[in-house]
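Everything on this sheet refers to the single structure shown next.
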Amino acid sequence: MTLVRFAPSPTGYLHIGNARPALLNALFARRHGGRFLLRLDDTDRARSTEAFAQAAREDLAWLGIVPDLFARQSERKAQHDAAAERLKAAGRLYPCYETPEELERRRKRQLGRGQPPIYDRAALKLTAEERAALEAEGRTPHWRFLLEHRTVAWDDLVRGPAHIDCASLSDPVLIRADGTYLYTLPSVVDDIDFGITHVIRGEDHVTNTGVQVQIFEALDAAVPVFGHHNLLTTADGEGLSKRLGHLSLRGLREAGYEPSAVRSLAVLTGSAESVRAVPGLDELAQLIDLSEISRAPARFDEADLDGLNARLVHEMPFAAAANRLREMGVPDERADAFWLAVRANLGKVSEAAEWWRVVEGPVTPKLDDPALIEAAQETLPAGPFDETTWKTWTGEIRARTGAKGRALFMPLRLALTGLDHGPDLAGLLPLIGRERTLARLAGETC
Ligand code: GLU
């Protein structure tokens, strides 16, 4: 059975760039009847926090992603240690004693000679006595994975046939001198233990894949299918970092964007599909075929969020807005009619609060055409008002005054709402009601 994972490090809030792999995994699982694991890559204890871990779960839930499985790397150290021991026993993980300064000097020397700055495996040649002497000096080793100098090839879900020449890479450090793991090995061990079938992640991990495929093989495990998608960048091609607070998922949520708008932008940018407002996850899952994702960077324009959001709100069924309308104080029995009256005028659902204020008051009427207002007062139909009242009423006023178009509607709008723009008054009038309409026509703030 298909099992995918999204594996953020809880060292910051998730942003729209992280939403892309999260969604591509979740949509892939949906398309293939598979499951989704949320794995927190929290081996960096100094930078990972519980608050960010909790926030990641909340932000994914807001996006509509509810993981089927959950894991934390920090709770799986025993398994990581066991795998490290196996690699050591097989001679694939070897101790190195160089300090960062020594490595840097060596790197500069290599570059000076026009050689690629690849780790020279000097530590592999140390005798047992030399190692003992270094340890007696107080040095503790970091551990490198001995790469086989060969090309690792795979059929990438996004990029098609892909390969990495591992002869051009330094043996990667898997364990730091303080005994903590870099992400590389724990990720493979966890992918093996959970039975991950597809690893879908950003193309910044392509080189890691060359290394990690060798680790899967060294641990005698089946290698999952890999897919590397292009990364979301800003319009001028800049990468997104966790520090871009306003593009964090919570920042976007607080700014009042719909999760569906964020999803549409995060996923459709840089895909074969045009960026458009797609309300549901299932619809989005049907649209996204990983093999059709572009290889060029996925440049997005955050200004597009406003347009996408507005389109989603204009079509949004009442049920999707009901809770928020209740929180704004719109009573349930009028909320449905209110929503249908105002949604076409909203960029964000939160703006409905302002129109509810216009319905309930206080509104300070602007009366700038006394003759027309007088005719309006005299012809106001008896209640209760319904959606035909506006047409009947304005027909009467037109017959009396000869006013039409803007000259007819604008004075009424200014009197009833105090504003020169807003939703269609045919829908608002029954909500404002007869009594309040009369009071506003009389110039009362109410
Ligand atoms: N924690 C890694 C990251 O955030 C996960 C990469 C992967 O999916 O393997 O980049």
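All of these numbers come straight from a predicted model, not from anything done at the bench. First listed ligand is number 1; within each ligand, the first listed atom is number 1.
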Please tabulate, for side-chain N and O atoms in residues 300-310, each donor-acceptor pair with protein atoms closer than 3.5 Å (sequence neighbours left out).
residue, atom, partner, partner atom, Å
Asp301, OD1, Ala303, N, 3.1
Glu302, OE1, His246, NE2, 3.3
Glu302, OE2, His246, NE2, 3.2
Asp306, OD1, Tyr257, OH, 2.7
Asn309, OD1, Glu258, N, 2.6
Asn309, ND2, Gly347, O, 2.8

Pair [X] + [Y]: basic N to acidic O under 4.0 Å:
X: Arg150; Y: Asp165; value: no
X: Lys125; Y: Glu130; value: no
X: Arg324; Y: Glu327; value: no

For ligand 1, which atoms have a heavy atom of [X] less than 4.0 angstrom away?
X: Arg201; result: 7 (C), 8 (O), 9 (O)
X: His205; result: 3 (C), 6 (C), 10 (O)
X: Ser9; result: 1 (N)
X: Ala7; result: 1 (N), 2 (C), 3 (C), 4 (O), 5 (C)

What about the rings of Tyr94 and His142, do their centers lie closer together than 6.0 Å?
no

Does Arg5 have a heavy atom less than 4.0 Å from any atom of ligand 1?
yes

Does any N or O of ligand 1 fall below 3.5 Å from an N or O anywhere on Val199, backbone included?
no

Looking at ligand 1, does any of its N/O atoms fall within less than 3.5 Å of an N/O of Asp41?
yes

Could you see which bit of Phe6 sits under 4.0 Å from ligand 1, with heavy atoms only: side chain, backbone, both or neither?
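No part of Phe6 comes within reach of ligand 1.
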
Arg413: which residues meet the side-chain contact (heavy atoms from CB on, under 4.5 Å) condition with it, sequence neighbours left out?
Met410, Thr417, Leu425

